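Every value quoted in this text rests on a predicted model; they were computed, and no experiment measured them.
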Amino acid sequence: MIDQRPQYGELATPEEQRRAAGLPPLSEVESVAPVASEAAPAEAPRRPVDRFATVVLLAYGLVNVITAGLSYLDFGRVMTEVMKVMGIDGEFTNYDQGRIWGTVAAIVLVIGWCLTAVISLRRLRQGKLTWWVPLVGAAVTLLVTSIFAAIPLMGDPAFIAYLESMTTR
């Protein structure tokens, strides 16, 4: 059989419980202000110039990603033009590697810009200084895509002949 008698404090009102515990009545207790750690978090500082610079740099980067990405997808033609500008006799003929590595470079451009945009937006929301993120993102992405573009160029017979002629001068 279960004991159904009321337990200590079950029938007492909150005021009676306070009195039994030796505490003052609720009507006499002043409301306590929240502790500083419980206060609402401070709003992140606004930096309109930083925000504007970041957005402009991201927009400029997006235009460059689109134009450079399209160039990488037509790697053979673009490298032939580059070789003519450099004064190299002949044309780019390493088309198979150019197609593969040009596509890889275009994909890396898009991924690099997307990562840069995500990091920039997160930092903007946190109120952190952000204008430098698109610059660093562009530099890192340019370095990686340049390496990928150099791979088929270094396998092109006309470019190799040009390099050899430069070392014999």
Side-chain angles (χ1 to χ4, degrees), residues 30-169:
E30 295 181 30
S31 63
V32 178
V35 181
S37 64
E38 295 175 9
E43 188 174 320
R46 302 231 184 245
R47 294 185 169 110
V49 174
D50 178 56
R51 180 177 299 272
F52 177 75
T54 302
V55 170
V56 167
L57 288 170
L58 286 173
Y60 180 73
L62 181 60
V63 170
N64 282 323
V65 164
I66 292 169
T67 57
L70 292 174
S71 295
Y72 280 131
L73 293 177
D74 192 12
F75 194 81
R77 182 187 59 78
V78 171
M79 283 300 113
T80 298
E81 291 175 16
V82 167
M83 289 169 64
K84 284 181 186 175
V85 168
M86 291 176 65
I88 300 173
D89 293 330
E91 64 180 50
F92 182 81
T93 57
N94 194 4
Y95 293 114
D96 290 336
Q97 280 192 355
R99 191 175 310 112
I100 292 168
W101 289 105
T103 303
V104 169
I107 291 169
V108 167
L109 274 175
V110 171
I111 292 171
W113 185 87
C114 289
L115 287 173
T116 301
V118 166
I119 293 168
S120 296
L121 293 175
R122 283 185 181 171
R123 288 183 61 86
L124 282 174
R125 286 188 187 125
Q126 295 170 351
K128 295 180 179 177
L129 197 59
T130 308
W131 64 268
W132 60 271
V133 175
L135 296 176
V136 171
V140 169
T141 303
L142 177 65
L143 175 69
V144 174
T145 56
S146 297
I147 291 168
F148 292 151
I151 293 171
L153 193 59
M154 296 305 279
D156 184 68
F159 187 74
I160 297 294
Y162 172 76
L163 290 178
E164 289 174 352
S165 73
M166 295 297 292
T167 58
T168 59
R169 288 186 186 177

> From L143 CG over to T145 OG1, what is the distance, rounded to the nearest 0.5 angstrom?
Replying inline: 8.0 Å

>> Do M154 and F159 make a side-chain contact, defined as non-hydrogen atoms from C-beta onward lying under 4.5 Å apart?
In response: yes

> So among L109, I111, V104, V108, which one has a side-chain contact (heavy atoms from CB on, under 4.5 Å) with V144?
Replying inline: V108

> F75 and P152: which non-hydrogen atoms are nearest, and at how many Å?
Replying inline: CE2-CG, 3.5 Å

> Once you round to the nearest 0.5 Å, how far does CZ of R77 lie from CE of M79?
Replying inline: 10.5 Å

>> With rounding to the nearest 0.5 angstrom, report the CG to CH2 distance, D96 to W101.
In response: 14.0 Å

> Is M83 close to D156 at the side-chain level, that is, under 4.5 Å between some pair of heavy atoms?
Replying inline: yes

> Between NZ of K84 and CG of D89, what distance do you get to the nearest 0.5 Å?
Replying inline: 11.0 Å

>> Show the nearest heavy-atom pair for residues A106 and G69, with the distance to one decimal.
In response: CB-O, 3.8 Å

> Are L124 and D50 close enough, and set up right, to give a side-chain contact (heavy atoms from CB on, under 4.5 Å), and what steps lead you there?
Replying inline: CA-CA 9 Å; L124 282 174; D50 178 56; 3.9 Å; yes

> Can you name the nearest heavy-atom pair linking T130 to S120, along with the distance?
Replying inline: CG2-O, 3.4 Å

>> Within the structure provided, determine whether W113 and T141 are in side-chain contact (heavy-atom separation under 4.5 Å).
In response: no

>> How close do S146 and L142 get, counting heavy atoms only, and between which atoms?
In response: OG-O, 2.7 Å

> More than 12 foreign heavy atoms under 6.0 Å from CH2 of W131: is that the case here?
Replying inline: no

>> Go through it in stages, so that I can follow the logic: the residues are L135 and L57, the test is side-chain contact (heavy atoms from CB on, under 4.5 Å), and I'd like the CA-CA distance, side-chain angles, deciding distance and then a yes or no.
In response: CA-CA 8 Å; L135 296 176; L57 288 170; 4.0 Å; yes

> Is the backbone N or O of G127 less than 3.5 Å from a side-chain atom of R47, with the two atoms forming a donor-acceptor pair by type?
Replying inline: yes

> If you round to the nearest 0.5 Å, how far is OG1 of T80 from OH of Y95?
Replying inline: 4.5 Å

> Taking C-beta and beyond as the side chain, do L153 and F92 meet within less than 4.5 Å on heavy atoms?
Replying inline: yes

> What is the distance from atom CD1 of I100 to atom CD1 of I151, rounded to the nearest 0.5 Å?
Replying inline: 10.5 Å

